[in-house]
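Reading through the structure tokens given below for one structure.
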Amino acid sequence: MKNFLVSYIFSDIADMMEIKGENFFKIRAYRKASQVIANLPEDIEEIMKTSSLGSIEGIGKALEGKIKEIIETGTCRHYEELKKDIPRGLVEMLKIPGLGAKRIKTIYDALNITTIDELEQAAKSHKLRGLPGIGVKTEQAILKGIQMLKGKAGKMLLSTALYLAEEIKDMLKFLPAVEKVEEAGSLRRRKELIGNIYLVVSSQSPAEVLEGFLDYPRITEVVARDTDKTSVVLDLGVQVDLRVVEPRSFWAALHHYTGNEDHNVKLKEIARTRGLDINENGVFKEKNNEVIYPGNEEEVYKLLDMPYIIPELREDKGEIEAAIEDRLPDPVKLADIKGDLHVHSNWSDGINSIEEIAIRAREMGYEYVAITDHSKSLKVARGLDEERLMRQIELIKKLNEEITGIRILTGIEVDILTNELLDFDDEILKELDVVIASVHSGFKQDREKITRRIVAAMENPFVNIIAHPTGRILGKRDSYDVDIDVILKTAAETNTILEINSTPDRLDLNDHLAMKAKEMGVKMVINTDTHELEGLKDIRYGIWVARRGWLEKGDVINTLPLSQLLEVLDKK
DNA sequence: GCCGTTTTCGGCCCGACTGTTTTCAGTCG
């Protein structure tokens, strides 16, 4: 699968072209192609061989040629030339909030600054202020942006880590020496951001496994190598740690490398009181040094008289105590989900028709799916005005008669305007099955103001759900300054449901807040907020957040069958 | 760069906000 590589290169090209100041629409074509390819369900190499790349949305003659070049050579000339032209650091600077391509170029031209470190120094010694268009405030904003970025340095999104881990696992499974391979570490715990990808392999011949692994074409550097383990860096800057263990030790090892340190330490303490020592090789009886090799992870916990603790919980947040007292949550799972209540169609900024969405939702085994396009103020997204919304409702009514096996719910993602009002009157909102309210503007308003806006939305009797309640974008934007305690309290009081948004760079509410919300008696909904069919599958990211937040089926309203869901939505 | 098309080139994503200006440019959603 080279989809990821092609997508990555196109996105990189777009960034570099932006810094060069090239045509906006040209840049957008690369961005769009990058996104489309990242979300392709098929292997792009297969498409190239069997049909036509030109049939893919957003790919024309020029990009088709470049895709072929990348598949055949791993790169393309256009990309290599841009890389010679544009220092790497300038591209990285695009990630700094408040700093765009134009100012990066201004700074580069004036001060010849090519790395984020140099930029930080220049900002600290006040060399940026005074440059055209940059004053004291911008300089401070840049400095703040750099610090935020550094706090997340070296981490990748869970979605990226999973994609790469799958690719590597698929490759390893082909090696005859490999018996089993699983990811461990924070990736297996499904944390939102991942440092290293950690893989555990069981094999009789570690040398063969390492040999085979080091042939992986994406490896650019071998950081460490031993007889049974290695650490490498991939072309995308990601570190992968691979450890090979004897087959009989596999489950002990997988367990050992999955829990975080605190979880493991606490388990070891408990084991010691029972005369046992748990480590990556197995479980040792201290009195006679007998070794037990667990045949699965359940056995590890069973030896300590505990029920199985799922990987998502193994972070010493009370799960061990809960296990001992037999009050672990029964975690919500993918199969519990009966529908998606936040989906965009091609009526606003989505790319699929309502009919396509409904059919795909039905294929996924859903009972219902809500169409929640943007409202009129969000011009970028071609938000719906009252008249178009009414027409959409009519269409959905008609489709519900034609399509069986799935109920399409009418809905809207209505903007919470900067003046605390909603983008639509109650007269309109009351016509809809699902009303989601969310903030898309005025992110920089102060705490009191933003909190008041969201509280006002929750107090509206027709608003069912607050989408992405904190507004953060992982690696790009911190949440807006909102008093989350007030939001949770008001949600509980007004029967407003809070969303766990499954978009891989949102995951908002996050696991901590989801847990807190549950404690305060707030109900939640796990939605994708997707703009295209493939994105419906991203619901799994939201499920993982929920599981990490100890949520059970009963805490999540879209596990309810349709009739009960409608009751909950009506109850407000 | 793609797309649609009255097939050969014009349209494609717009408006608020901020900070820098002294009438506007850059950034962002």
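To find a chain, count down the sequence lines: A is the first, B the second, and so on, and within it residues start at 1.
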For [X] and [N], what is the distance between atoms [atom1] and [atom2] respectively, to the nearest whole Å?
X	N	atom1	atom2	answer
A:H468	B:dG29	NE2	P	12 Å
A:H440	B:dT27	NE2	C1'	18 Å
A:K20	B:dG1	NZ	P	12 Å
A:I13	B:dC2	CD1	P	12 Å
A:E64	B:dG1	CD	C1'	14 Å
A:I450	B:dG29	CD1	P	13 Å
A:I37	B:dC2	CD1	C1'	13 Å
A:E18	B:dG26	CD	C1'	11 Å

Nucleotide by nucleotide, 5' to 3', does protein get under 4.0 Å of the base (B), only the sugar-phosphate (S), or neither (-) in nucleotides 10-23 of chain B, counting heavy atoms? --BB-S-S-SS---
Determine the contact category for [X]: base if any of its heavy atoms lies under 4.0 Å from a base atom, sugar-phosphate if only primed atoms, P, OP1 or OP2 are that close, otherwise nothing.
X	answer
A:I59	sugar-phosphate
A:L378	nothing
A:A101	sugar-phosphate
A:K32	nothing

Could I get the full list of salt bridge (charged side-chain N to carboxylate O under 4.0 Å, His left out) partners for A:D423, not counting sequence neighbours?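 Partners of A:D423 by the salt bridge (charged side-chain N to carboxylate O under 4.0 Å, His left out) criterion, ordered by chain and then number, come out as A:K376.
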Salt bridge (charged side-chain N to carboxylate O under 4.0 Å, His left out) with A:E46: which residues, sequence neighbours excluded?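 Testing A:E46 for salt bridge (charged side-chain N to carboxylate O under 4.0 Å, His left out), a comparison that skips the adjacent residues, returns none.
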Is B:dT5 in the syn range, within 90° of 0, or in the anti range?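 For B:dT5, whose glycosidic angle is more than 90° from 0, the conformation is anti.
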Quantified in whole Å, what is the [atom1] atom distance between nucleotide [N] and nucleotide [M]?
N	M	atom1	value
B:dG29	B:dC13	C1'	11 Å
B:dT18	B:dT23	P	22 Å
B:dG11	B:dT5	P	15 Å
B:dA25	B:dT20	C1'	8 Å
B:dC17	B:dT22	P	23 Å
B:dT8	B:dC2	C1'	14 Å
B:dG1	B:dT6	P	26 Å

Any salt bridge (Lys or Arg N to Asp or Glu O under 4.0 Å) involving residues 387-397 of chain A? Give me the pairs, sequence neighbours left out, ordered by first then second residue.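 Those involving residues 387-397 of chain A are A:E387-A:R391, A:E394-A:K397.
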Quick test of your reading: applying salt bridge (Lys or Arg N to Asp or Glu O under 4.0 Å), list the pairs with at least one residue in residues 4-23 of chain A, sequence neighbours left out, ordered by first then second residue.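 Those involving residues 4-23 of chain A are A:D12-A:R88, A:D15-A:R31, A:E18-A:R31, A:K20-A:D85.
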Quick one: on DNA chain B, does A:L94 or A:K66 contact a more 5' nucleotide (nearest heavy atom)?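 The residue whose closest nucleotide sits nearer the 5' end is A:K66.
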Quick one: side chain to side chain donor-acceptor pair (under 3.5 Å) partners of A:T470, sequence neighbours excluded?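 Listed in chain order: A:D508.
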When you check the gap from the basic side-chain N to the acidic O, do [X] and [Y] get nearer than 4.0 Å?
X	Y	value
A:R382	A:D373	no
A:R453	A:E420	no
A:K537	A:E534	yes

Are any of A:K105's side-chain N or O atoms less than 4.0 Å away from OP1 or OP2 of B:dG26?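 No, no such contact exists.
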Taking atom CD as the centre, does A:E166 end up with more than 12 heavy-atom neighbours from other residues, nucleotides or ligands that are less than 6.0 angstrom away?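 It does: A:E166 CD has more than 12 such atoms within range.
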Check side chain to side chain contact (heavy atoms under 4.5 Å, CB included) between A:A514 and all other residues, then give those that pass, not counting sequence neighbours.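 Listed in chain order: A:I500, A:M524, A:L551.
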Under 3.5 Å donor-acceptor pairs involving side-chain atoms of residues 424-432 of chain A, not counting sequence neighbours:
{"residue": "A:D426", "atom": "OD1", "partner": "A:N460", "partner atom": "ND2", "Å": "2.8"}
{"residue": "A:E427", "atom": "OE1", "partner": "A:K430", "partner atom": "NZ", "Å": "3.3"}

Residues from residues 70-92 of chain A sitting under 4.0 Å of DNA chain B, heavy atoms only?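 Going residue by residue through residues 70-92 of chain A, none turns out to have a heavy atom under 4.0 Å of DNA chain B.
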